[in-house]
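Here's the structure we're looking at; comments come further down.
Count residues from 1 along the sequence. Small disclaimer: the values here were computed from a predicted structure and weren't measured.
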Amino acid sequence: HDQQWRKPYLHKPDSPATSKQWVRSVLLHSGMEPTPRAQNPAHPLSNRWPVVSMKWSRHGGHGFSLVELLAVVAILGLLAGLGIPALIQNHKREQLNALTIGLAFWLQEVRRSALRGNTCEVKISTGLITDGGTVASIDGEPIPQTCAIPNNPYLLTESAMGAAYEIAANEDTFSFTPRGSKFPSTDVLITIGMANSGPARCIQLNGLLGNLEMGNASNGSCVLTKF
């Protein structure tokens, strides 16, 4: 079978008529189609070799048209336009959550420090907070040794950097006592949001014991939510 397939390539006849058949056979085996010349026998090119068409036969593949490529580009642009804003908004939420959770853990650490024998006074930085800004600190001069935790003051964490935040608190200064209570005994509501717009998170220290809750800020209250 292999010898039969290679036969047109091995023996080229000498006569013009047979040579034309040989060329046609070679082109057909290579997957290309010869394009016939003019049907007029008097045409000067009618007796020359057939012209080879540089296109695949019906059995071969084909590429994409310009219209198809433009349609694909348009669809990709539409998907990107819809997806990128959602990704940005999701990234902002993650940054906000990281800052809120980090501050809540820091407050719990200060509370545990106060149980070692000294009242620890906390100062919440309100207003605009940007990269490198202080979010909260232990106040007092001097600061009691038991309240001198390593990460004081509490700065904007690395995971929350790259954005500006607005922090508000109905009580920006309060204390944790060695008895495990909080002063003043009223609820402390700390609200954290993006400086431009978007959702806001909150930390609430309830009553005299200062039980800590986190959630979404809504109409001046803190709706307990897991995030």
Side-chain angles (χ1 to χ4, degrees), residues 88-227:
I88 294 175
Q89 191 68 19
N90 184 64
H91 179 62
K92 289 182 177 180
R93 284 196 298 267
E94 293 297 327
Q95 288 181 306
L96 194 58
N97 292 343
L99 177 57
T100 305
I101 294 172
L103 179 57
F105 275 100
W106 185 84
L107 291 173
Q108 294 286 45
E109 188 176 0
V110 176
R111 182 202 295 273
R112 288 191 295 268
S113 299
L115 296 176
R116 295 200 290 262
N118 293 97
T119 297
C120 299
E121 185 177 355
V122 175
K123 173 69 175 178
I124 302 295
S125 300
T126 57
L128 186 66
I129 306 295
T130 56
D131 290 354
T134 298
V135 179
S137 59
I138 298 175
D139 209 358
E141 192 61 42
I143 297 175
Q145 185 65 30
T146 55
C147 298
I149 59 178
N151 54 342
N152 179 55
Y154 180 70
L155 304 177
L156 199 64
T157 59
E158 183 177 352
S159 58
M161 289 184 179
Y165 304 89
E166 192 77 29
I167 298 180
N170 63 336
E171 295 282 351
D172 60 359
T173 303
F174 52 91
S175 301
F176 293 110
T177 70
R179 297 182 178 181
S181 60
K182 174 184 65 64
F183 180 82
S185 59
T186 55
D187 294 348
V188 175
L189 178 62
I190 304 169
T191 304
I192 307 171
M194 290 290 180
N196 46 12
S197 62
R201 302 291 186 255
C202 56
I203 299 173
Q204 184 164 310
L205 302 170
N206 298 315
L208 179 63
L209 297 179
N211 296 326
L212 188 147
E213 293 180 343
M214 292 183 296
N216 295 322
S218 176
N219 299 324
S221 61
C222 193
V223 181
L224 182 63
T225 307
K226 292 182 179 181
F227 48 81

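A distance of 11.5 Å separates CD1 of Ile124 from OG1 of Thr134, quoted to the nearest 0.5 Å. For the atom pair NE2 (His91) and CG (Leu96), the distance works out to 11.5 Å, reported to the nearest 0.5 Å. Between atom CD1 of residue Ile129 and atom CD of residue Glu166 there is a gap of 8.5 Å, rounded to the nearest 0.5 Å. Rounding to the nearest 0.5 angstrom, the gap separating the CG atom in Leu115 from the OG1 atom in Thr177 is 8.0 Å. Separation of atoms CZ (Arg93) and CZ (Arg201) is listed at 7.5 Å; rounding is to 0.5 Å. In this structure, the separation between CD on Glu213 and CG on Leu189 is 11.0 Å, given to the nearest 0.5 Å.
Residues Thr130 and Ala164 share a closest heavy-atom pair of CG2-CB, 4.0 Å. Nearest heavy atoms, Ala148 versus Ile143: N-CG2, 4.3 Å. For the residue pair Ala163 and Gln95, the shortest heavy atom distance occurs at CB-OE1, 3.8 Å. Residue Ile203 comes nearest to Ala104 through the heavy atom pair CD1-N, 3.7 Å, listed as atom of the first residue, atom of the second, then distance. For Leu212 against Gln108, the heavy-atom pair with the smallest separation is CB-NE2, 4.1 Å. Here the closest heavy-atom approach between residue Ala195 and residue Leu128 is recorded as CB-CD1, 3.6 Å.
Remark: Asp131 engages no residue in a salt bridge (charged side-chain N to carboxylate O under 4.0 Å, His left out) (not counting sequence neighbours). For Ser218, there are no side-chain hydrogen bond (donor to acceptor under 3.5 Å, both in side chains) partners, not counting sequence neighbours.
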### Message
side-chain contact (heavy atoms from CB on, under 4.5 Å), that's the test. Do Trp106 and Ile138 meet it? Break it down for me.
### Response
CA-CA 10 Å; Trp106 185 84; Ile138 298 175; 3.9 Å; yes
### Task
For Asn170 and Val188, run side-chain contact (heavy atoms from CB on, under 4.5 Å): C-alpha distance rounded to whole Å, both residues' side-chain angles, the deciding distance at 0.1 Å, then the answer.
CA-CA 6 Å; Asn170 63 336; Val188 175; 4.1 Å; yes
#### Entry: Trace of the side-chain contact (heavy atoms from CB on, under 4.5 Å) decision for Phe176 with Leu205
CA-CA 11 Å; Phe176 293 110; Leu205 302 170; 4.1 Å; yes
### Derivation of the side-chain contact (heavy atoms from CB on, under 4.5 Å) call for Thr186 and Phe174
CA-CA 10 Å; Thr186 55; Phe174 52 91; over 6 Å; no
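When atom types are taken as modelled, the side chain of Lys123 and the backbone of Asp172 share no donor-acceptor pair closer than 3.5 angstrom. Counting only distance, with no hydrogens or angles, the side chain of Arg116 and the backbone of Thr146 share a donor-acceptor pair below 3.5 Å. The main-chain N or O of Ala160 is found under 3.5 Å from a side-chain atom of Tyr165 such that the two form a donor-acceptor pair. Between the side chain of Lys182 and the main chain of Pro184, a donor-acceptor pair closer than 3.5 Å is present.
Pairs passing the disulfide (SG to SG under 2.5 Å) check and including a residue from residues 104-174, sequence neighbours excluded, read Cys120-Cys147.
Taking 4.5 Å as the limit, every side-chain heavy atom of Cys202 sits out of range of all side-chain heavy atoms of Ile192. Looking at Leu103 and Ile167, their side chains never come closer than 4.5 Å, going by heavy atoms from C-beta outward.
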